[in-house]
Number of protein chains: 2
Amino acid sequence: MTPLSDAEPTPVETAAGRTDESLPVDARSRARPTMRHVATLAGVGVKTVSRVINGEPNVSAATIERVMRAARSLDYEPDLHAGNLRRADGRTRTLGLLVGSVDNPFAGAVHRAVEDAALARGVAVFASSLDDDPEREQAAVSAFLRRRVDGLILTTASEDQAYLAPELRRGTPVVFVDRQPAGVTSDSVVSDNTAGAALATRHLISHGHRRLAYLGDRHDIRTAQERRRGFLDELGRAGIATGDAPVVEGLHDEETARLATLALFDADEPPTAIFSAQNLVTIGVIRALRELDRHLDVALVGFDDVPLGDLLVPGVTVVAQDPHAIGRLAAERVFARLDGDESPAERIIVPTRLVERGSGELPPRVSAR
Amino acid sequence: MTPLSDAEPTPVETAAGRTDESLPVDARSRARPTMRHVATLAGVGVKTVSRVINGEPNVSAATIERVMRAARSLDYEPDLHAGNLRRADGRTRTLGLLVGSVDNPFAGAVHRAVEDAALARGVAVFASSLDDDPEREQAAVSAFLRRRVDGLILTTASEDQAYLAPELRRGTPVVFVDRQPAGVTSDSVVSDNTAGAALATRHLISHGHRRLAYLGDRHDIRTAQERRRGFLDELGRAGIATGDAPVVEGLHDEETARLATLALFDADEPPTAIFSAQNLVTIGVIRALRELDRHLDVALVGFDDVPLGDLLVPGVTVVAQDPHAIGRLAAERVFARLDGDESPAERIIVPTRLVERGSGELPPRVSAR
DNA sequence: CCTAACGCTGACATCGTTGTCAATGGGGCA
DNA sequence: TGCCCCATTGACAACGATGTCAGCGTTAGG
């Protein structure tokens with residue numbers, strides 16, 4: 001805050017003794033100060049400023065003090081990218097994170113965990129939303145790469161991520177979250193989708209249900225396929241004809257899920273229990289059941305937790321994922337790779353947990369229809 | 001994908017005719033390709049590659065084709081930061097966004113709106129969480145500035161944002177969201193906190209309540225002060241002694257709010273109605289009322305919407321903000337400033353809306369205590 | 001037929017920083 | 001006293017891109 005007492009009001013002499021009037025040293029200047037400005041004001045060379053800013057050794061205490069004062073008085077902020085251009089390690093201390101949508105609670109929790117891990121290492125995070133659009137995915141990745149992020153944490157919507165192969169060959173760490181990669185090998189952190197879906201299904205069956213419906217996401221999303229498989233496999237194990245079970249796919253938001261549920265109960269032999277394979281779908285189902293006033297006699301288990309699910313009536317039974325752990329583990333993988341871990345690509349499976357809150361424990365009841 | 005048919009397998013001749021073996025042109029190379037690699041492979045100068053990559057005019061169609069093929073075969077991605085160093089406009093096409101926490105639904109909606117506006121302009125967004133920590137705020141801003149973001153959209157926790165003055169003088173657009181700036185003048189986009197809080201309070205009073213409690217955020221947050229003032233002013237207008245009304249502040253998450261609510265009902269003359277001034281506080285209050293089994297006879301209006309608030313019993317009456325509009329307007333201000341808008345700093349007030357769902361319409365009932 | 005103009009192209013300096021290296025000077029030790 | 005060593009410091013090139021400018025060949029106009 002205090003301007004330098006000595007050098008402030010007039011052009012300053014450089015170390016070489018010549019007066020350089022082309023460098024305004026006024027702290028109120030409009031231009032963004034560079035290391036040269038700081039060096040001139042402090043009366044040292046730019047390299048010395050660089051040493052001080054980066055805490056390198058072999059600078060005298062007096063010089064450090066002069067440089068720091070000059071930097072403060074100019075409100076100097078080093079240009080990380082210019083430095084990065086020359087720096088040996090080539091790190092931008094930046095990460096790219098791609099999630100379904102930054103306003104989805106699952107994504108928010110992942111994001112938060114990634115941010116916390118990144119903050120501890122002075123790494124900033126670019127976040128983008130995918131909207132399950134493969135083009136948007138590639139555009140986002142390209143935007144990240146042009147900005148030379150040190151690593152990527154990606155939720156993908158594309159059929160195949162082979163387009164990342166060259167980048168992987170260059171050594172950029174890529175960790176897939178929520179969905180497994182296809183066409184390319186790299187670390188991934190996912191929930192145990194098949195087991196979780198089976199667990200949900202088994203839970204409903206154990207409460208006497210035989211007529212279960214599956215409501216899920218787009219079929220071309222691997223994660224959705226796995227959950228569907230977990231559901232169908234479990235039906236099979238219980239000796240329930242899977243051909244009869246209504247399987248509705250392609251639901252991607254509350255509204256489509258709500259309409260699909262209404263349609264389900266408008267048809268013959270509606271289910272007595274529903275397994276919804278995604279948080280927004282679960283919410284849509286709840287809305288529909290309320291509308292039909294069937295929320296107290298149709299059982300429901302959702303995959304992925306729902307905000308305030310414990311406060312609804314009935315409470316929403318879910319197979320909860322652990323998005324915070326997913327984000328944390330993904331960030332840890334990225335940083336481990338950056339720190340030189342060359343071990344084979346790992347698939348980290350984060351267990352799910354059945355949370356009984358009421359909706360999943362309702363007994364079957366024949367429709368009064 | 002297809003390697004160049006002609007130039008691929010061997011070192012390539014430069015335009016000057018000399019063979020440059022120091023530049024590996026193999027698409028499978030480990031090194032990240034630069035414009036020089038592309039230029040060498042295409043047999044043109046770097047400036048021509050630059051022209052093609054940036055879509056500048058005056059390049060022959062044949063040259064464009066050659067360069068594009070070379071760039072694709074090397075999986076070349078331009079280095080935005082290197083270009084930015086030299087580019088005249090000095091724009092990184094990057095924005096810094098600071099919100100309360102990226103996993104808060106309000107922040108998620110703001111973030112999403114900012115991202116959508118940014119995407120349309122090819123701008124990437126850094127997102128960070130504030131956690132109402134002034135040090136974290138300054139660290140995040142500094143991290144953004146070192147990365148030379150083109151603009152900032154900030155939620156602040158500090159007493160005073162004078163530290164931003166030099167940056168503002170340099171012309172960096174800064175838009176404050178959710179909270180007004182102090183000690184510095186710049187654009188802001190906020191909800192009408194005072195009016196919204198008054199509206200909520202009036203609503204409770206109009207349903208017969210005279211004993212209202214205020215549960216809110218830290219008092220040193222301006223937004224919280226405004227909401228508190230709206231509450232107290234409205235009590236005053238209704239002729240209710242404000243001295244009697246329990247005002248609990250310093251609540252920052254569900255748990256502290258829950259405990260504060262429990263304490264409130266453990267004391268003499270508990271309120272018949274509660275105004276909770278923030279979404280997490282509202283949730284904590286709901287949990288406490290459930291625990292006490294008082295959720296059907298203590299009225300509640302929250303400031304800021306709560307996920308699934310319409311599905312709870314009773315539905316949660318709230319004064320809803322419009323986080324999407326806040327984010328969109330903030331981004332629009334930033335881009336307008338970047339496009340040269342020099343008009344005086346603007347304070348954009350986004351109206352709030354009372355959403356009646358049941359909890360706010362409960363009549364007063366004397367405690368059975 | 002000469003010249004001006006234009007389209008196309010590449011050499012070079014430059015952006016703000018860091019790596020390399022050499023120069024300086026003071027202190028310790030023989 | 002003399003020499004070496006080390007701490008301190010700055011000049012300079014380089015990172016990957018773009019702005020400037022000059023040079024080339026071709027075409028249009030007089």
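Heavy-atom basis, side chains included; hydrogens, waters and symmetry copies ignored. All chains are named by letter (A, B, ...) in the order of the sequence lines, taking the proteins before the strands, and each is independently numbered beginning at 1.
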Requested in this report: Taking side-chain hydrogen bond (donor to acceptor under 3.5 Å, both in side chains) as the test, write out the residues that go with A:D339, two or more places apart.
Outcome: A:R121
Query raised in the report: Any sub-3.5 Å donor-acceptor pair from A:D341's side-chain atoms to A:S343's backbone N or O?
Result: yes
Report task. Summarise protein proximity over nucleotides 22-28 of chain C in one line of letters, 5' to 3': B for base, S for sugar-phosphate only, - for none, counting protein heavy atoms closer than 4.0 Å. Result -> -------
Query raised in the report: Could you state the CZ-P distance from B:R148 to C:dC15, rounded to the nearest angstrom?
Result: 15 Å
Query - Polar pair under 3.5 Å, donor/acceptor by atom type, side chain A:R86, base C:dT17 - result: no
Query raised in the report: Side chains of B:V123 and B:R91: closer than 4.5 Å at any heavy-atom pair?
Result: no
Report summary line: Quick note, B:K47 side chain, CB onward, closest among D:dT18, C:dG19, D:dA17 is D:dT18
Query - Listed partners of A:D133 passing side-chain hydrogen bond (donor to acceptor under 3.5 Å, both in side chains), at least two apart - result: none
Query raised in the report: Between residues 49-64 of chain B and DNA chain C, which residues have a heavy-atom gap below 4.0 Å?
Result: B:R51, B:N58, B:V59, B:S60, B:T63
Name each donor-acceptor pair under 3.5 Å that joins a side chain in residues 148-159 of chain A to protein atoms two or more places apart or in another chain, with its distance.
residue: A:R148; atom: NH1; partner: A:L145; partner atom: O; Å: 2.8
residue: A:R148; atom: NH1; partner: B:E77; partner atom: O; Å: 3.4
residue: A:R148; atom: NH2; partner: B:E77; partner atom: O; Å: 2.7
residue: A:D150; atom: OD1; partner: A:T92; partner atom: N; Å: 2.8
residue: A:D150; atom: OD1; partner: A:T92; partner atom: OG1; Å: 3.2
residue: A:D150; atom: OD2; partner: A:T92; partner atom: N; Å: 3.4
residue: A:D150; atom: OD2; partner: A:R93; partner atom: N; Å: 2.7
residue: A:D150; atom: OD2; partner: A:T94; partner atom: N; Å: 3.4
residue: A:T155; atom: OG1; partner: A:L98; partner atom: O; Å: 3.1
residue: A:S158; atom: OG; partner: A:E137; partner atom: OE1; Å: 3.2
residue: A:S158; atom: OG; partner: A:E137; partner atom: OE2; Å: 2.8
residue: A:S158; atom: OG; partner: A:D160; partner atom: O; Å: 3.4
residue: A:S158; atom: OG; partner: A:Q161; partner atom: NE2; Å: 3.0

Report task. Apply ring-ring contact (aromatic ring centres under 6.0 Å, His included) to B:F126 and list each qualifying residue two or more places apart in sequence or on a separate chain. Result -> A:F126
Query - Summary of ring pair (Phe, Tyr, Trp, His ring centres under 6.0 Å) pairs that have at least one residue in residues 39-90 of chain B, sequence neighbours excluded - result: A:H81-B:H81
Query raised in the report: To the nearest angstrom, how far is B:R87 atom CZ from D:dG16 atom P?
Result: 16 Å
Requested in this report: Report the end-to-end axis angle of the helix from C:dC1-D:dG30 to C:dA30-D:dT1; each axis comes from five terminal pairs, and the value is rounded to 10°.
Outcome: 50°
Requested in this report: Mind calculating the distance between CG (A:L85) and P (D:dT18) to the nearest angstrom?
Outcome: 12 Å
Query raised in the report: Residues two or more places apart in sequence or in another chain: which of them pass side-chain contact (heavy atoms from CB on, under 4.5 Å) with A:S129?
Result: A:S101, A:V102, A:R136, B:R112, B:E115
Report summary line: Of the listed D:dT18, C:dT17, D:dA17, the closest approach to the B:A82 side chain comes from D:dA17
Query raised in the report: Rounded to the nearest Å, what distance is computed from the CZ atom of residue A:R36 to the P atom of nucleotide C:dT14?
Result: 11 Å
Query raised in the report: Rounding to a whole Å, what distance do you find between A:M35:CE and C:dC15:P?
Result: 16 Å
Report task. Name the closest nucleotide to the A:A88 side chain, picking from C:dT17, D:dG10, C:dG19. Result -> C:dG19
Requested in this report: Send over the distance from B:R146 CZ to C:dG16 P, rounded to a whole Å.
Outcome: 17 Å
Query raised in the report: Quick one: does A:R51's side chain have a donor or acceptor within less than 3.5 Å of a partner on A:E56's backbone?
Result: no
Query raised in the report: Expressed in angstrom and rounded to an integer, what is the separation of A:H81 atom NE2 from C:dT18 atom P?
Result: 13 Å
**Report entry** side-chain hydrogen bond (donor to acceptor under 3.5 Å, both in side chains) partners of A:R86, counting only residues at least two apart
**Finding:** none
Report task. Can you sort out the partners of A:D187 under side-chain hydrogen bond (donor to acceptor under 3.5 Å, both in side chains), two or more places apart, ordered by chain and number? Result -> A:R337
Report task. List in chain and number order the residues that pass side-chain contact (heavy atoms from CB on, under 4.5 Å) with A:S60, two or more places apart in sequence or in another chain; answer none if no residue qualifies. Result -> A:A62, A:T63
**Report entry** Between C:dC8 (P) and B:R66 (CZ): distance, integer Å
**Finding:** 14 Å
Report summary line: Note: for B:V46 and B:G83 on DNA chain C, the residue whose nearest nucleotide lies more 5' is B:V46
